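Treat the numbers as computed from the prediction; the structure is a model and nothing was measured. Heavy-atom basis, side chains included; hydrogens, waters and symmetry copies ignored.
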Amino acid sequence: MNRFAAAQGKMVERQLKGRGIADARVLDCMRQVPRHAFVDAALAEFAYDDNPLPIAANQTISQPYMVALMLEAARLQPGERVLDIGTGSGYAAAVAACIASCVDSVERIGELADAARATLHRLGIRNVAVHHGDGTAGLAHRAPFDVILAAAGGPYVPPAWREQLRIGGRLVMPVGDAREAQRLVRFVRVGEQEFEQEDLGSVMFVPLIGEAGWQDEPVIDDAPAPPSRKAAGDTAGKTKGKRALPDLIRAAAVRLPAPGATDFAQAFDRFGKKRVVLLGEASHGTAEFYEARAAITRRLIEEHGFRFVAVEADWPDAAMIDEHVRHRPRTRPDARPFKRFPRWMWRNAEFAAFVAWLGRHNAALPPERRAAFYGLDLYSLSESIEAVLAYLDVEDPDAARIARQRYGCLTPWQKNPAVYGRAAWHAGFGKCEKAVVAQLRDLLDKRLASPAADPGLLDATHNARLVASAEQYYRAMYSGSAESWNLRDTHMFDTLASLLDAWGPDARAVVWAHNSHLGDASATEMGRMRDELNVGQLCRERFGDDAALIGFGTHTGTVAAASDWDDPMQVMNVRPSRADSYEQQFHLAGVSPCMVDLRPGVGDELRDALREEKLERFIGVIYRPDTELYSHYAQAELPAQFDAFVWFDTTRAVKALPTPPETHDAPETFPFGV
Ligand code: SAH
């Protein structure tokens, strides 16, 4: 039994069955063929993750789901003969060979063909023949084939493949006008010259390079160029006559002092009249991003009258901070906020310093003028249920009885809501949906009917909204589509919008969330290819120019992150940014810290120059430097994504704080025990 058996089984259940792969042979073979044997030993532990992984020669091993999807789409039967284009690691060929009688696999890169041959041999797989050459010519001497599969995307179907497909045979390949963005298409040869064709959705494969594919090889430079004059000069050469990007950045950049300096945030006064200012971050564990957001927020509150801060944290955790900073009695005196993974995201010295400042600032003000603090996220199903019940127990015991009954539906799942999600998803309906929505509706009605603003009721309503969103969210997680991401960001936006409503038309708010949530998703690969939307995009749609979306970035340094969900936090080195990234251009500009204003009419020359899409780095609570390109970079159009971008060339990890035990701390040490 191999040590990855459990991970492999889970991969089949969640990534394949969970997304609708039903072909029993495909599922069986995906369970049998050891994907970890096809990647570098250092990456073996990631072999059953839901993504492609790097192999030699800048190529990738296909995502498990893609392999399964293509084989199912090809309706591959035992006894059939397969032509596989783009051997790569040999993995997809091995899975095909587990069903088919034989597979001919063609790879254009000799080094890969040799390695794949060796791996297949070592695993005792004898019915795959690996050929070195340009696969766009097919393999005439082995034709006809029942099935042709291509793991690289071309602009059209190579004519040789059409000819070498048996009548009745199926060809599945990524086709698209752009090198790395395609639609997966199934062709069925129904006659000598007739093909039926079906679109299976958008995909991203490496380009098919060859006679009947893409012609020229792009230069993918893995090693970032040094920040030298020469490198900047090279870029200038490419843009022929136009000024080089780093020069334009340097010219447009507003130099900033260190975030601790009193005048750091002055440059952001230009956003002081906005209804919402959204402050991003390029990781969840970088000190400078917290310090800068704290300094900007402080200025927006002190000088521009912003009324509240809403952050990417759960509502009940943030509610504890809110009670603390507004000097209100604590609803749950024994509880401590931010106890779940990833604790360092909020339990860090930089955030603690901001909370301490907010408390001091508010102490000097009458209660109604104090700035508030809220959480927008939805991972606190259990705490939120408890909070609704606790409120109703005091205010309306009859309603509490009904609420208990409704939430009872979720009780068995509260500890592990993802399991509820799976069960409900398989059953094809939301078991508890009606109950949790009814509960939310009751509280909303109560709020409409209540004449005065009641903070307890506002809190209970938001918790009920969270429970309703979380119920949907955990179900959607299993569809493997953009739906769960979209539900989460819609929940965050709805929470923000409802807070703005509650505070009235003149209230202004600051939002802290990751760049991926508040840079306009429609200007990124996530929005364009995966139909993901986000808080930033929804804010633009609702508030137009009255929303400022401010992104943050860094070139290198250290970051607090984990290797996997629930793993311990580590301080990791951030790899220098890639040569083909936006970050590299800011690095070459050599001004740090700085801010560039990208709004139309303000920074037009730079805006235009930055418009050509590049990679952008997204580090969350997980950082995987070994697979950085695949795990953390995405294509984006920076000036469409953000109204301004704040740059720190070298950054350091946040200083994580220990979690104090659940006891009565001396009140002055709440919430962080320091
Ligand atoms: N199925 C492979 C995926 C490899 S990625 C796996 O599971 O590992 C796609 C591969 O297609 C790359 O190795 C690339 O070198 C190869 N390729 C691109 N154009 C090709 C062509 N014209 N002929 C053969 N191989 C090609």
Side-chain angles (χ1 to χ4, degrees), residues 224-233 235-236 243-271 279-297 299 350 514-515 519 549-560 571-598 602-603 605-607 609-610 614-619 623 628 632-633 636 638-639 641-655:
S228 64
R229 284 267 131 216
K230 180 176 175 308
T235 320
R243 288 165 77 192
L245 211 35
D247 290 340
L248 288 169
I249 294 172
R250 199 175 311 117
V254 179
R255 283 163 203 270
L256 300 172
T262 42
D263 51 352
F264 174 85
Q266 255 172 31
F268 298 84
D269 284 345
R270 65 189 77 196
F271 302 113
L279 301 174
E281 58 183 350
S283 94
H284 282 315
T286 302
E288 283 81 356
F289 299 154
Y290 283 85
E291 291 167 346
R293 295 187 299 178
I296 298 166
T297 305
R299 182 144 186 121
E350 294 77 14
H514 196 276
N515 284 350
L549 279 47
I550 304 179
F552 286 67
T554 185
H555 169 61
T556 189
T558 58
V559 66
V571 172
M572 303 189 200
N573 291 320
V574 177
R575 289 180 70 167
S577 62
R578 289 176 55 91
D580 44 3
S581 67
Y582 278 116
E583 284 84 353
Q584 182 70 199
Q585 299 300 322
F586 280 84
H587 173 59
L588 292 172
V591 191
S592 171
C594 75
M595 186 264 281
V596 290
D597 192 329
L598 299 168
V602 184
E605 192 182 2
L606 179 59
R607 197 182 150 78
L610 286 172
K614 293 190 191 309
L615 291 175
E616 181 182 324
R617 180 163 53 195
F618 297 83
I619 301 175
Y623 182 45
E628 199 191 36
H632 300 290
Y633 278 98
L638 194 87
Q641 200 185 356
F642 299 116
D643 296 305
F645 194 64
V646 181
W647 179 252
F648 289 91
D649 197 69
T650 306
T651 45
R652 57 181 205 287
V654 290
K655 188 164 173 286

J.: How would you list, by chain and number, every residue that makes a ring pair (Phe, Tyr, Trp, His ring centres under 6.0 Å) with F289, sequence neighbours excluded?
T.: F552

J.: How long is the gap from CD on E628 to OG on S581, to the nearest 0.5 Å?
T.: 9.0 Å

J.: Do you know which two heavy atoms are closest between R607 and L598, and how far apart they sit?
T.: NH1-O, 2.9 Å

J.: Would you name the heavy atoms of A560 and A653 that are closest together and state the gap between them?
T.: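 The answer is N-CB, 3.5 Å.
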
J.: Got I296 and F271 here, is their nearest side-chain heavy-atom distance under 4.5 Å?
T.: no

J.: Tell me the closest heavy-atom pair linking L248 and A609, and the distance in Å.
T.: CD1-CB, 3.4 Å

J.: Do F645 and Y582 make the cut of ring centroids closer than 6.0 angstrom?
T.: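 Here the rings of Y582 and F645 have centres that are no less than 6.0 Å from each other.
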
J.: I'd like to check T651 versus V559 (side-chain heavy atoms, cut-off strictly below 4.5 Å). Are they in contact?
T.: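 T651 vs V559: side chains apart.
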
J.: Suppose we screen for ring pair (Phe, Tyr, Trp, His ring centres under 6.0 Å). Which residues come up paired with F618, at least two apart in sequence or across chains?
T.: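 F618: no ring pair (Phe, Tyr, Trp, His ring centres under 6.0 Å) contacts found.
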
J.: Which pair of heavy atoms, one from A287 and one from E350, lies closest together, and at what distance?
T.: CB-OE2, 3.6 Å

J.: Ignoring hydrogens and geometry, is there a side-chain-to-backbone donor-acceptor pair from S283 to G285 under 3.5 Å?
T.: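 Side chain of S283 to backbone of G285, a donor-acceptor pair under 3.5 Å: yes, one is there.
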
J.: Is V254 close to C594 at the side-chain level, that is, under 4.5 Å between some pair of heavy atoms?
T.: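 No. Closest side-chain heavy atoms not under 4.5 Å.
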
J.: Taking side chain as C-beta onward, heavy atoms only, is V654 less than 4.5 Å from T286?
T.: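 A side-chain contact under 4.5 Å is absent here.
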
J.: Do R578 and R617 have side-chain heavy atoms sitting under 4.5 Å apart?
T.: no

J.: Which distance, rounded to the nearest 0.5 Å, do you find between the CZ of F586 and the CG of L638?
T.: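 Reported value, rounded in 0.5 Å steps: 5.5 Å.
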
J.: Hey, is D580 close enough to K614 for a salt bridge, meaning N to O under 4.0 Å?
T.: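 Result for this pair is no, no salt bridge flagged.
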
J.: Using the salt bridge (Lys or Arg N to Asp or Glu O under 4.0 Å) criterion, which residues pair with E616? Sequence neighbours excluded.
T.: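 With neighbours one apart ignored, the set is empty.
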
J.: Quick check: does any side chain N or O of R255 sit under 3.5 Å from a backbone N or O of M595, one acting as donor and the other as acceptor?
T.: no

J.: Measure across Y633 and P576 and return the closest heavy-atom pair with its distance rounded to 0.1 Å.
T.: OH-O, 4.5 Å

J.: Would the distance check show the side chain of R250 and the main-chain N or O of A589 forming a donor-acceptor pair, the cut-off being under 3.5 Å?
T.: yes

J.: What is the minimum heavy-atom distance between P593 and P257, and which atoms define it?
T.: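 Answer, listing the atom of P593 first, then P257: CG-O, 3.6 Å.
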
J.: From D597 CG over to L606 CG, what is the distance, rounded to the nearest 0.5 angstrom?
T.: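 Here the rounded value is 10.0 Å.
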
J.: Just by distance, with hydrogens left out, do S577 and Q584 show a side-chain donor and acceptor under 3.5 Å apart?
T.: yes

J.: Keeping to residues at least two apart or across chains, list the salt bridge (charged side-chain N to carboxylate O under 4.0 Å, His left out) pairs with something in residues 583-592.
T.: none

J.: Run the side chain to side chain contact (heavy atoms under 4.5 Å, CB included) test against A294 and tell me which residues pass, sequence neighbours left out.
T.: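 A294: side chain to side chain contact (heavy atoms under 4.5 Å, CB included) contacts with F354, W512.
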
J.: In Å and rounded to the nearest 0.5 Å, what is the CD1 to CZ distance from I550 to R293?
T.: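 Spacing of CD1 (I550) from CZ (R293) equals 11.5 Å.
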
J.: Test of understanding: with side chain to side chain contact (heavy atoms under 4.5 Å, CB included), list the residues that count as partners of S592, not counting sequence neighbours.
T.: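 Once residues adjacent in sequence are excluded, the partners of S592 under the side chain to side chain contact (heavy atoms under 4.5 Å, CB included) criterion are W647, D649.
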
J.: May I ask you to test the F264-E291 pair for a side-chain heavy-atom distance under 4.5 Å?
T.: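 They are not in contact (no side-chain heavy atoms under 4.5 Å apart), so the answer is no.
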
J.: Angle between ring planes, H555 versus H587, binned at 30° and 60°: parallel, tilted or perpendicular?
T.: parallel

J.: Less than 4.5 Å apart, any side-chain heavy atom of Y623 and any of V574?
T.: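 Answer yes - side chains close enough.
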
J.: Is any side-chain heavy atom of T650 closer than 4.5 Å to a side-chain heavy atom of T554?
T.: no

J.: Donor-acceptor pair, distance only, cut-off 3.5 Å: does the side chain of R652 make one with the backbone of T558?
T.: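 Flag not set: sc R652 to bb T558 has no pair under 3.5 Å.
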
